[in-house]
Amino acid sequence: QKEVEQNSGPLSVPEGAIASLNCTYSDRGSQSFFWYRQYSGKSPELIMSIYSNGDKEDGRFTAQLNKASQYVSLLIRDSQPSDSATYLCAVNSAGNMLTFGGGTRLMVKP
Amino acid sequence: GAVVSQHPSRVICKSGTSVKIECRSLDFQATTMFWYRQFPKQSLMLMATSNEGSKATYEQGVEKDKFLINHASLTLSTLTVTSAHPEDSSFYICSAMTGDQPQHFGDGTRLSIL
C-alpha cells in the first residue's frame, strides 16, 4: 500500500523563524509531489509543486525533494501567524491520483 | 487560473434526504475530477475518481449506490448522497485537474444530517 507519512505536530515556531515540514513516501515510482495548506474548516490550497530532485523556491516557500531518500520537505521562511494551518504533503501515484499524508499542524506564535 | 467552484457550501437536512453537491471547473476543462471526504481532525480520504463521460471509479469501502457520481461534462461533476444518515455527516471536497497539472480543490461542502 502506498503511504505518505508526516509528523502530525503541532509544530510550534516563533514569528519570523523558519518552519520546516517533512514528509516521507513509500512508492519509489512517484513522480510528482505537492504541498497543500489547509486552514481549519477550509479546503486545501496548493502552495508548491516539485517534480525533480533539489530545491524549488517560491517567495517564502522552498520545497526540497530527495527521491533516493523518498523524502520531500517544505521550508517556510519568515514565518507569520497567518501561516498557521495544517500542511498536507501529497504524492502523485498511479492514474494521477494523489495520496495524502495525515498533515502537519503548524502554529506560528507572535 | 484553475478555479474550482463547489456548491452548496453547507447543507443541514433530515435523515433519509438525498443531497446533491456540484463541482465546477470555472476556467479550465477538467479531464478528471475527484471526490474526497474529511472527518474532523483527519486527513482527506479519496472516495472516487471521475472522468468525463465514463463511470466513476470508487475506492474500496465506498458504496457506489449510496454516493452517486455523474460527470456529464468537462466542467461539471456531481455527487449525490442518497438517503443520507447521520454517519454521512462530513466535509465533502471535490478537486479537478487537467493533463499533468496539480489538482485544485473546491471550497468544500459541510454536510450535517440530523
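Here is the naming used below: chain letters follow the sequence lines, and residue numbers restart at 1 for every chain.
Among A:Gly102, A:Pro44, A:Gly101, A:Ser40, the residue making the largest number of heavy-atom pairs under 4.5 Å with chain B is A:Pro44. For the set B:Gly108, B:Gly106, B:Ser43, the count of heavy-atom pairs under 4.5 angstrom toward chain A peaks at B:Ser43. For chain B, the option among A:Gly41, A:Gly103, A:Ser49 with the highest count of heavy-atom pairs below 4.5 Å is A:Gly41.
No single ILVMFWY cluster, assembled from side-chain heavy atoms under 4.5 Å apart, contains both B:Tyr36 and B:Val19. There is no path of hydrophobic side-chain contacts, each under 4.5 Å, that joins B:Met33 to B:Phe67. With hydrophobic clusters built from ILVMFWY side chains whose heavy atoms lie under 4.5 angstrom apart, A:Trp35 does not share a cluster with A:Leu75. Tracing side-chain contacts under 4.5 Å through hydrophobic residues (I, L, V, M, F, W, Y), one never reaches B:Leu111 starting from B:Leu46; they form parts of separate clusters.
Remark: B:His7 NE2 is loosely packed, at most 12 non-hydrogen atoms of other residues, nucleotides or ligands lying under 6.0 Å away. By the neighbour-count criterion of 12 heavy atoms within 6.0 Å, atom NZ of B:Lys66 is densely surrounded, having more than that number from other residues, nucleotides or ligands. The environment of A:Arg105 atom CZ is sparse: at most 12 non-hydrogen atoms of other residues, nucleotides or ligands sit within 6.0 angstrom. Heavy atoms of other residues, nucleotides or ligands lying less than 6.0 angstrom from NZ of A:Lys67 number more than 12.
Distance CZ/B:Phe91 to NZ/A:Lys42: 8.0 Å, rounded to 0.5 Å. The distance from atom CZ of B:Phe34 to atom CE of A:Met97, rounded to the nearest 0.5 Å, is 7.0 Å. Considering OG of A:Ser43 and CD1 of B:Ile93, their distance stands at 5.5 Å, rounded to 0.5 Å. Atom CZ of B:Phe105 is separated from atom CG of A:Leu98 by 6.5 Å, given to the nearest 0.5 angstrom.
Only the side chain of A:Leu88 has a heavy atom closer than 4.5 Å to any heavy atom of chain B. Only the side chain of A:Gln38 comes within less than 4.5 Å of a heavy atom of chain B; its backbone N, CA, C and O stay farther away. Looking at B:Gln38, the atoms closer than 4.5 Å to chain A (heavy atoms on both sides) all sit in the side chain, from C-beta outward. Looking at A:Phe33, neither its backbone nor its side chain comes within 4.5 Å of chain B, counting heavy atoms on both sides.
The residue from B:His104, B:Gln101, B:Gln103 that alone fulfils the side-chain contact (heavy atoms from CB on, under 4.5 Å) condition with A:Leu46 is B:His104.
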